[in-house]
Engineer: 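Sharing a structure below in structure tokens format, with a few things to ask.
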There are 2 protein chains.
Amino acid sequence: MAPIQKTLNFFGLESDVIFKTFKDLLTGEKYIGFDIVQGNLESLVKVRITGPDDVDRIALFEMLEEKIRQSLGQYLFSSNEQGMEDIVGSLLFKRKITISVAESCTGGLIGNMLTDVPGSSRYFLGGVIAYGNQAKHDLLGVSSRTLEAFGAVSDPVVKEMAEGVRDIFKSGIGLAITGIAGPDGGSREKPVGTVHIGLSIGDDTYCGKYRFKGNRERVKQGSAMMALDWVRRYLNEDPFLPSL
Amino acid sequence: MAPIQKTLNFFGLESDVIFKTFKDLLTGEKYIGFDIVQGNLESLVKVRITGPDDVDRIALFEMLEEKIRQSLGQYLFSSNEQGMEDIVGSLLFKRKITISVAESCTGGLIGNMLTDVPGSSRYFLGGVIAYGNQAKHDLLGVSSRTLEAFGAVSDPVVKEMAEGVRDIFKSGIGLAITGIAGPDGGSREKPVGTVHIGLSIGDDTYCGKYRFKGNRERVKQGSAMMALDWVRRYLNEDPFLPSL
């Protein structure tokens with residue numbers, strides 16, 4: 001009989017933490033094995049049942065998944081093949097909330113991810129790719145004073161970007177990113193990988209600063225995933241992952 | 001000795017045409033072999049030298065590459081590991097031309113591709129992701145009359161999008177896409193995969209209509225590649241690939 005296989009997708013935890021959790025939970029269990037599949041962000045964990053496809057094994061696996069949820073629940077964003085953009089899309093659709101994006105260093109990646117999901121036009125209204133300061137000011141209405149006082153990569157700027165794009169598109173959520181993807185543009189105060197995320201909803205705008213490792217593509221990927229994870233966590237009433 | 005290996009990247013030709021060209025050119029040549037590596041768009045061809053890494057083989061391979069250029073030249077966009085976005089970026093940088101993008105069905109993919117290239121801020125100014133008609137009108141200045149008369153997926157709309165985004169960003173080039181990525185939204189007149197591309201530069205705006213096959217992601221990928229290929233061909237003074 002073919003073995004059962006299931007994928008659990010995590011975001012925001014180092015793979016060794018996930019590995020240890022699975023290892024502890026599976027001590028003494030000889031029918032269930034698991035592999036860590038290296039994702040772009042070291043966040044994808046695949047759990048594979050190696051025993052036969054019988055009733056006992058399925059029950060055992062469900063118990064395991066429940067335990068995983070208890071210990072790593074808020075990091076487990078999907079227990080099937082769905083990506084972060086599918087999960088966020090489903091949440092937005094169910095809650096009837098629209099979203100627009102203001103992207104600087106990600107250059108359109110968040111919009112691209114969200115629109116990979118069929119039917120995304122029901123909640124994704126559009127976005128502004130504001131790569132330079134001029135665009136941040138002219139299109140998103142970020143004030144020159146804020147840009148001069150804090151620089152483009154800062155909480156005050158990402159806040160105005162999120163509020164600005166939300167205002168332009170009249171969306172329920174405004175999601176913004178500004179950062180330094182590298183390899184150039186870093187400084188001692190703001191090294192390559194520094195990224196600010198802003199989420200505007202209701203009367204509030206949340207801002208936070210992260211530092212992503214790796215090359216340009218990894219910084220972009222990590223930023224986009226984190227920004228979408230903010231939306232997921234907000235709608236699930238989970239706390240955001242701690243910023244710097 | 002390790003074999004030499006080289007990648008030739010083509011866009012806009014079916015892989016069987018490329019296969020046949022290579023096969024004909026390599027008839028009787030027992031030291032050089034080649035594989036077609038299936039790309040997203042069936043456009044990536046890898047030529048692998050299987051003979052020893054000696055002077056004769058290298059000369060022979062250079063001669064082969066020259067012949068390939070003669071017969072498939074304008075479809076061969078890079079003869080190394082560079083992607084379309086790298087090639088277009090180099091051309092824009094060398095010519096000191098800036099670009100901005102207006103994306104509907106691609107949802108940010110072109111901006112994402114262009115900003116994957118380090119240093120892209122020297123020529124990429126930003127963009128507008130105008131997913132709905134409202135955004136096309138409010139942000140890009142597409143007239144309501146054009147939208148009503150021709151529909152969002154049409155040459156007149158993509159023309160106004162390209163000119164609109166260029167005007168907003170004061171860029172040398174305005175590149176626009178509107179289309180139906182699917183799986184829903186198609187009709188008999190405008191089936192899924194129908195995409196219009198617009199390129200505004202100098203006093204001119206070029207428009208064209210294509211039909212891409214495959215699922216949502218493939219339609220997005222094909223559209224983005226074709227739009228970037230328009231820029232490449234324009235700057236190389238090659239004709240655009242024929243539209244429908």
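Numbered from 1 within each chain, the chains take letters A, B, ... in sequence-line order. Fair warning: this is a prediction, and the values are worked out from it, not measured in the lab.
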Engineer: Looking only at heavy atoms, what is the nearest atom pair of A135(A) and L125(B), with distance?
Structural biologist: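 Reported closest heavy-atom pair: CB-O, 4.4 Å.
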Engineer: Among the options G127(A), G111(A), G126(A), pick out the one with the most heavy-atom pairs lying under 4.5 Å from chain B.
Structural biologist: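 Most heavy-atom pairs within the cutoff with chain B belong to G127(A).
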Engineer: Let me know if S121(A) has heavy atoms under 4.5 Å from chain B in its side chain, its backbone, both or neither.
Structural biologist: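 It is both, since atoms from each part get that close.
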Engineer: Check whether any side-chain heavy atom of F169(B) sits under 4.5 Å from a side-chain heavy atom of D138(A), and report yes or no.
Structural biologist: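 A side-chain contact under 4.5 Å is absent here.
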Engineer: Could you give the distance from CE (M113(B)) to CG (L109(A)), rounded to the nearest 0.5 Å?
Structural biologist: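 Nearest 0.5 Å value for the CE-CG distance: 12.5 Å.
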Engineer: Looking at A181(A), A130(A), S120(A), G182(A), which one has more heavy-atom pairs under 4.5 Å with chain B than the rest?
Structural biologist: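 Result: the option with the highest number of such pairs is S120(A).
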Engineer: Which atoms form the tightest heavy-atom contact between Y131(A) and F124(B), and what is the distance?
Structural biologist: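 Closest approach of Y131(A) to F124(B): CD2-O, 3.6 Å.
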Engineer: Kindly check if the number of other-residue, nucleotide or ligand heavy atoms within 6.0 Å of CZ (F240(A)) is above 12?
Structural biologist: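 Atom CZ in F240(A) is crowded, with more than 12 foreign heavy atoms closer than 6.0 Å.
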Engineer: With D116(A) as reference, evaluate R216(B), K220(B), R218(B) under the salt bridge (charged side-chain N to carboxylate O under 4.0 Å, His left out) test and give the passing residue.
Structural biologist: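 Answer to the salt bridge (charged side-chain N to carboxylate O under 4.0 Å, His left out) test with D116(A) among R216(B), K220(B), R218(B): K220(B).
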Engineer: With chain B as the partner, which of V101(A), L139(A), I168(A), D184(A) has the greatest number of non-hydrogen pairs under 4.5 Å?
Structural biologist: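 Heavy-atom pair counts peak at L139(A).
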Engineer: Just give me the residue among G132(B), P118(B), A224(B) that pairs up with chain A most often, heavy atom to heavy atom, under 4.5 Å.
Structural biologist: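 Most heavy-atom pairs under 4.5 Å with chain A: P118(B).
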Engineer: Check whether more than 12 heavy atoms from other residues, nucleotides or ligands sit under 6.0 Å from atom NZ of K159(A), and answer yes or no.
Structural biologist: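 12 or below, so no.
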Engineer: Can you check whether E103(B) reaches I129(A) side chain to side chain, under 4.5 Å on heavy atoms?
Structural biologist: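 Yes, close enough: below the 4.5 Å cut-off.
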